[in-house]
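Worksheet for the structure shown next.
Counting starts at 1 for both ligands and their atoms, following the listed order.
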Amino acid sequence: MATHLVLLLILSVTSSWAQTTPPAATHRPKNTPAPGPDMVTEMVNRGNFNTLLSLLNSTGLLNTLQSAPEITLFAPTDDAFARLPASTLQALQGDANLLKSILSFHAVADSYTFRGHYRDHVLMSLNNKPIRLSAYGNVHVYVAVEGVNVTTRNIRIQNGYLNEIDGVMVPPEGNIVDIVEKKDDLKEIASLLTQSGLKDTVKNDMNITVFLPNDNAFRQVDSAVMTYLGSHPDDLKEVILYHVVSRTTLYSIGMKHSLTFPTADHHHDRIMTLEDDMNNIYINNAKLVERDISATNGVIHVIDKVLIPAKILLNIEEQGIVVG
Ligand SMILES: *[C@@H]1O[C@H](CO)[C@@H](O)[C@H](O)[C@H]1NC(C)=O
Ligand SMILES: *[C@@H]1O[C@H](CO)[C@@H](O)[C@H](O)[C@H]1NC(C)=O
Ligand SMILES: *[C@@H]1O[C@H](CO)[C@@H](O)[C@H](O)[C@H]1NC(C)=O
């Protein structure tokens, strides 16, 4: 039930745009007076947080946040909640623990302001899961939390800051490897991560983006190619690392224009993101079939094709195997 809900929530978080300089939050110097109305008054006055107010109130969190010494709240708008499937919202309302866990993922027990350009930055939420901040764009810098657009930042309230966001964030269910091993459609890549010895590489990078072919994608690969990779461990590693962008967390919201990224393979071969006018996103010729699955150490996108670097294709063809 919870897993299903989380999937629905993940599916509901989509959009896109151009990534460049990742973002940042700076800590407000202690002792700075924090003027502004109290949190509840500010939210009521703004008029677009009615769902959040009522959900927070029903869990008792409203009082907790209102009376906390310092708080930064990422507040989904009424529209953001309205975009959730009705069944998801009902499920949330009917499961107090789940609701509390999701809502407390939207608050940080400290006062943070977004300022300037920073790299990946993580804030610890009240439910002890990291909230990942990123910034995109050159001229106008947009900030996202867990890939969700922050539409109004740094609204001063008595005990901290309120940030308006246009989606509901879903707490990550573990690191990249944990999530891959739990997903039904990623069994092949999970087993190749083990076979190639790359599990720790993926686990240890704290800001990583992985584009993972699903089992169906692997079924389309010529069996001779899979056999070749099975007996050439270095080439297998290269193929897997070609699906990894290290030390960068790239959510779909940052993928609007054609951008290229160096991969983690030996030559840092570049992969390119493209978006079509149907809001589909591609990485090279593979389509993102599931986006923005947040992990504690980065983000997963599921793709429908296996990407093979040109150099490895040549190695394979040298063996007389026709790839095509
Ligand atoms: C919270 O709930 C209480 C009790 O139902 C109600 O009196 C109060 O007005 C609510 N506060 C907000 C901000 O919705
Ligand atoms: C990556 O993540 C770590 C831990 O969350 C953080 O301290 C560090 O600043 C990040 N590095 C970059 C380059 O963003
Ligand atoms: C994100 O929010 C900013 C500020 O409201 C807005 O200008 C921008 O268009 C939004 N981006 C997306 C992709 O929704």
Which pairs of N or O atoms, one from ligand 1 and one from the protein, are separated by less than 3.5 Å, and what is the distance for each pair?
unit_1	atom_1	unit_2	atom_2	d
ligand 1	2 (O)	N57	OD1	3.4
ligand 1	2 (O)	N57	ND2	2.3
ligand 1	11 (N)	N57	ND2	2.8
ligand 1	14 (O)	N57	ND2	3.3

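Identified under the ring-ring contact (aromatic ring centres under 6.0 Å, His included) test for residues 223-242, with sequence neighbours left out: Y228-H232. Applying the salt bridge (charged side-chain N to carboxylate O under 4.0 Å, His left out) rule to pairs touching residues 299-317 yields E238-K311, sequence neighbours excluded. The stretch residues 268-321 participates, sequence neighbours left out, in these ring-ring contact (aromatic ring centres under 6.0 Å, His included) pairs: F211-H301.
Partner E164 forms a side-chain hydrogen bond (donor to acceptor under 3.5 Å, both in side chains) with one of N149, T77, N48 and no other, that one being N48.
At least one N or O atom of N149 sits closer than 3.5 Å to an N or O atom of ligand 3.
In the vicinity of Y142, heavy-atom distances shorter than 4.0 Å reach the ligand 3 atoms 3 (C), 7 (O).
The minimum heavy-atom distance linking N214 with L186 is given by the pair CA-CD2, 3.8 Å.
Comment: K199 engages E181 in a salt bridge, judged by a side-chain N to carboxylate O separation of less than 4.0 angstrom.
Contact check for L55 versus L103: side-chain heavy atoms found under the 4.5 Å cut-off.
If you look at T151 next to ligand 3, the close heavy atoms, those under 4.0 Å, come from the backbone and the side chain alike.
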